[in-house]
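Step one of this worksheet: look at the structure below.
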Amino acid sequence: MERYDPQQIEPKWQQVWEEAKAWETPNPPPGEAPENHWYQLEMLPYPSGTLHMGHVLNYTMGDVVTHFRRRNGFTVLRPMGFDSFGLPAENAAIKEGGHPREITERNSAAIRVQMRRLGWAIDWTREISAHEVDFYRWTQWLFLQFFERGLAYRAGAPVNWCPNDQTVVANEYVVDGRCDRCGTQVEARIMDQWFFKITAYADELLEYDLPEWGEWPERTKTIQRNWIGRSEGAEILFRIDELDEDVPVFTTRPDTLFGATFFVLAPEHPLVARIPRDEVQDYAKQTAARRGEDRAAETVKTGVFTGMYVTNPVNGEQLPIWVADYVLMEYGTGTIMAVPAHDERDREFAETFSLPIREVIDEENGVVVDSGDFTGLPVDEAKRKIVEWLHEQGRGAPAVSYRLRDWSFSRQRYWGCPIPIIHCEEHGLVPVPEEELPVELPEVEDYRPKGVPPLASNEAWLNVPCPICGKPAKREADTMDTFVDSSWYYLRYVDPRNDHAPFDRRVVDFWCPISQYIGGIDHATGHLLYSRFFVRVMRELGLVGFGEPFGRLFHQGWLQMGGSKMSKSKGNVTGPDELVEQYGADAVRTYILFMGPADQDMEWTETGIEGVVRFLRRLWRVVLDAAERPPTDGRPDTALARKAHQTVAKATDDIGRRFQFHTPISAVMELTNELIQAPDDPAARFAAETAVSLIQPYAPHLAEELWERLGHEQLWEEPWPQADPALLEPDTFELVIQVDGRVRDRLEVPSDLSEEELIACATSSERVKAFLDGGEIRQTIVVPRKLVNIVTK
RNA sequence: GCCGAAGUGGCGGAAUUGGCAGACGCGCCGGACUCAAAAUCCGGUGGCCCUCGGGCCGUGUGGGUUCGAUUCCCACCUUCGGCACCA
């Protein structure tokens, strides 16, 4: 019999699909929109190298969904592109030498070859790359829409500076105080930088405006919720007479206001500069130099008394003002009212400096005490009443504070989208007029990072007249964070060659939100949050008619090597090329999904791929054998036929509803094993066709070849098999008989027996009788088609 | 500290609504074919005991609910993830 030879059949079918334009999905003409449509997307790759097995897992999963939906009557959009701007690609270029464009394009080309070799069903006519002018002119256009509405602004603010990458890094991509890209400790710097006003959408982003079919993992929502960090409380004004200032304080515990015994300013607070005491100024200078993490790691709290006092608005008490670095300028108002009795940090500080501690909450009864007119009120009511009272006095109001900071998106690097702004001495920040877009990324002599934007070195590009007054002005030389590109790339896929708009509103509203987005959870507070922010703004701008970019979201687990995540930056990657060469794409695709649940982290190991290869070979042989038998008439009702129907039901439910990809493979293995045991079964051919049809999303080349040998064509267009409910249940089943919950016998019985008949079967079993031992039967439980439990105790 | 997820054979894992724990695969053991090997095929494979009929134990630990719990409830342990001097 002919051997299974993937190296021969895989290129053959890839060519067939290409010539048939099998995976191309043109936009439907207006008014002819198909009812069932599906936008399948996986996070796009950085072309900073080539694909590793983590990508293979990600895209194969998307591929299985694509085939499954196509064959279930959906019109499926499944595009691909490259996140080609940004640090990963640029750093790769620096390492290898040469221009970032050459290297990213070379990597993109290599990835394209890998993707084709793996046989993924991708519509390449929609390919986009972030670094191509056709794409980034619309990134610039979108930036201008944000800028004009004050949602993109330039300001001096504390930012994270990565000394290795020589650029500002967003909070979202600083992990444990280190740059997520290179692992270097970032420094806090105050710099003039560009920000997107994502904080204005903090409340909106806490709400998921999903379509009725939408579904986000709870843990991802939790991560975003923690990141946004909404706290409800009040802002209360404290008077400093000496400075003639009313200082606002944010607190979540206005109910403890009577327990305040001192007051603290962050060392960076603007008022600190106005305190005429050398030790205060020295302290502020010292702490400013230290990073937040170091400050948090201190075992003993530090601080200095200012000699000044504030008035507690609730009782007129004079509270001493301290400056201490446990109060952070970035959160709330940079000041706190200290209640050492009911706040651990305040208590620690009070104990260190021997400040008074005054209890105002009776924890046992949950009421406030020693709090003037509010004494005796339950905590929640006291919070409300105290704020109400303060409001009447003009000394406070309910307030909300967030952990979320604005998104800093300007980078002092070369390989990114230029920011279309011109700095004019007279007119300030002037947007480049829309008709002058794109602002093309200029060539520079040396793009390596030196702390100043490389674009500034090209003076011919840099110096331009102000669009308003025509006087000499300079272009913005920072470039955009690559996460700006990825915040909207998925919208461009729907209309990728549009040259008068980023996309057509009707087309984008037809395809979006994305039916299924697949990618790593590491982007929960970055890319996924930024994209939601972008879509919210774009809806306000009337560009799109939906509020969420991603309807369903799924996170694949990480592949690990030696216990740590497989990633290019760690250097512990392994690619698919050698495996594909040795075993074929179908084996690699099937194996990566067979390894385990796709949403769990898995240690990468090649032991085991042999098992999948053996399965594919077994399938090959048994199907060729079945193909030689004459087709059977009608629908034979045999145990094998029923197994085939059960397998259809399981695979359909697992892929479609449960989003579980490894168990359908097991199910087809079981079917194949049974087919091998019963080659002469009248349903053998039916079982063979079913197995081939079900394995097609995983092993499309093998399946197509076998389908052809079974006398059919174009399995990729063949409707997904349907399980016949009448044939799902076997006509007999193994009745489990328990006595007092323990299995004592099993009998093969007809499926259509009544409860009474089942009990009769059970009690007539000799083995069961032995356990009953003539004793009293107190109760009998019957689970139809499963078991009988006889209770004697 | 707060929030969230998860603990099942030697290994990856299955058990979907409370109903046979260990499907499927890896590995391992034995056998067939072979001069030999590879490939392939057949059988076995949670632990302990056994008179070979079978019995007992067993899904992180301890309790509970139930005729029946990997599944539900309570407490705890461990691992992983998010947040964290966030007022």
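All chains are named by letter (A, B, ...) in the order of the sequence lines, taking the proteins before the strands, and each is independently numbered beginning at 1.
- Across all strands shown, A/R618 has heavy atoms under 4.0 Å from sugar-phosphate atoms exclusively, and none from any base.
- Using a 4.0 Å heavy-atom criterion, one finds that A/R405 contacts no nucleic acid atom at all.
- Nearest to the side-chain atoms of A/Q600 among the listed nucleotides B/G19, B/A23, B/G13 stands B/G13.
- Listed nucleotides: B/C85, B/A21, B/G4. Nearest to the side chain of A/T222: B/G4.
- Distance A/L619 CG to B/G25 C1': 15 Å, rounded to the nearest Å.
- A 3.5 Å limit on both hydrogen-bonding distances identifies no Watson-Crick or G-U partner for B/U16.
- Remark: P of B/G4 and CZ of A/R219 are 15 Å apart, rounded to the nearest angstrom.
- Checking B/C48 for Watson-Crick or G-U wobble geometry (two distances, each under 3.5 Å) identifies B/G55 as its partner.
- Here the separation of B/A87 from B/U16, taken at their C1' atoms, is 46 Å to the nearest Å.
- Contact annotation: A/R614 reaches the phosphate of B/G27 (side-chain N/O to OP1 or OP2, under 4.0 Å).
- Here the options are A/F263, A/F305, A/Y283, the test is ring pair (Phe, Tyr, Trp, His ring centres under 6.0 Å), and the partner is A/W322; only A/F305 passes.
- Residue A/N673 is in sugar-phosphate contact alone, with no base atom involved, counting any heavy-atom pair closer than 4.0 Å across all strands shown.
- Distances from the side chain of A/D653 to the nucleotides B/C26, B/U16, B/G19 place B/U16 closest.
- Going from the P atom of B/A21 to that of B/U59 covers 12 Å, rounded to whole Å.
- Side-chain atoms of A/H342 come within 3.5 Å of backbone N or O of A/I361 as a donor-acceptor pair.
- With a cut-off of 3.5 Å on both pairing distances, the Watson-Crick or G-U wobble partner of B/C41 is B/G31.
- Comparing atom distances between the A/V783 side chain and each of B/G19, B/A23, B/A87 picks out B/G19 as nearest.
- Remark: the separation of the C1' atoms in B/G18 and B/G1 is 36 Å, to the nearest Å.
- Using a 4.0 Å heavy-atom criterion, one finds that A/Q660 contacts the sugar-phosphate atoms exclusively.
- Within the 4.0 Å cut-off from OP1 or OP2 of B/A14, at least one side-chain nitrogen or oxygen of A/H662 is found.
- In terms of polar N and O atoms assigned as donor or acceptor, the side chain of A/R617 never comes within less than 3.5 Å of the base of B/U40 in a complementary pairing.
- Looking only at atom types and distance, the side chain of A/Y591 has no donor-acceptor partner in the side chain of A/E606 under 3.5 Å away.
- Here B/G1 presents its C1' atom at 12 Å from CD of A/E348, a figure rounded to the nearest Å.
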Inset, instruction - Could you check A/W604 against A/M595 for side chain to side chain contact (heavy atoms under 4.5 Å, CB included), going step by step and ending with a plain yes or no? - result: CA-CA 9 Å; A/W604 167 252; A/M595 278 184 73; 3.7 Å; yes
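- The shortest side-chain heavy-atom distance between A/F661 and A/I655 falls under the 4.5 Å cut-off.
- At whole-Å resolution of the value, CD in A/Q646 and P in B/U16 are 15 Å apart.
- For A/W407 and A/F483, the gap between ring centers reaches or exceeds 6.0 Å.
- You'll find that the side chain of A/V791 is closest to B/C67, out of B/C24, B/C67, B/A14.
- Checked by distance alone, A/N226 brings no side-chain donor or acceptor within 3.5 Å of a matching partner on the base of B/C83.
- OP1 or OP2 of B/C42 has at least one side-chain nitrogen or oxygen of A/Q677 nearer than 4.0 Å.
- Two residues, A/D601 and A/V736, neighbour RNA chain B, and the one matched to the more 5' nucleotide by heavy-atom proximity is A/D601.
- In this entry the base of B/G13 is anti relative to its sugar, with a glycosidic angle more than 90° from 0.
- Here A/R658 reaches the OP1 or OP2 of B/A15: one of its side-chain N or O atoms lies under 4.0 Å away.
- Under the Watson-Crick or G-U wobble criterion, with both distances below 3.5 Å, B/U66 is left unpaired in every strand shown.
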Legend entry - salt bridge (charged side-chain N to carboxylate O under 4.0 Å, His left out) assessment of A/E317 paired with A/R358: CA-CA 13 Å; A/E317 272 185 8; A/R358 188 194 301 157; 3.1 Å; yes
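- Nucleotides of RNA chain B nearest to A/Y331 and A/E734 differ in position, and the one nearer the 5' end is that of A/E734.
- Taking the C1' atom of each, B/A38 and B/G22 are spaced 32 Å apart, rounded to whole Å.
- Separation of the P atoms belonging to B/G62 and B/G53 is 35 Å when rounded to the nearest angstrom.
- When distances are taken from the side chain of A/K650 to each of B/C83, B/A15, B/C56, the shortest belongs to B/A15.
- The aromatic ring centroids of A/F615 and A/F594 lie 6.0 Å or more from each other.
- Heavy atoms of A/R225 sit nowhere under 4.0 angstrom from any nucleic acid atom.
- Between A/S231 and the phosphate of B/A87, there is a side-chain N or O to OP1/OP2 separation shorter than 4.0 Å.
- Backbone-only engagement by A/I223 is indicated by non-hydrogen atom pairs under 4.0 Å involving sugar-phosphate atoms exclusively.
- The gap from the C1' atom of B/G4 to that of B/G55 amounts to 44 Å, rounded to the nearest Å.
- B/G81 sits 24 Å from B/A75 when the C1' atoms are compared, rounded to a whole Å.
- For the pair A/E670 CD and B/A15 P, the computed distance is 11 Å after rounding to whole Å.
- Considering only heavy atoms from C-beta on, A/Y326 stays 4.5 Å or farther from A/E348 through its side chain.
- Close to B/C41, at under 4.0 Å from its OP1 or OP2, lies a side-chain N or O of A/R621.
- Residue A/R347 is classed as having no contact, given no heavy-atom separation below 4.0 Å to the nucleic acid.
- Look at CG on A/D654: it is 12 Å from C1' on B/C24, rounded to the nearest Å.
- For the C1' atom pair drawn from B/C50 and B/C57, the interatomic distance equals 15 Å after rounding to whole Å.
- Between A/K565 and A/D601 there is no salt bridge, since none of the side-chain N atoms of the basic residue sits less than 4.0 Å from a carboxylate O of the acidic one.
- In this structure, B/C76 and B/G60 make a Watson-Crick or G-U wobble pair, each of the two defining distances being under 3.5 angstrom.
- Nucleic acid contact class of A/E218 (heavy atoms, under 4.0 Å, all strands): none.
- A/R403 places its CZ atom 12 Å from the P atom of B/G82, with the value rounded to the nearest Å.
- Applying the 4.0 Å criterion to OP1 and OP2 of B/G82, one finds that A/Q224 has every side-chain N and O outside that range.
- Whole-Å rounding puts the A/I790 CD1 to B/G19 C1' distance at 15 Å.
- In this entry the base of B/G9 is syn relative to its sugar, with a glycosidic angle within 90° of 0.
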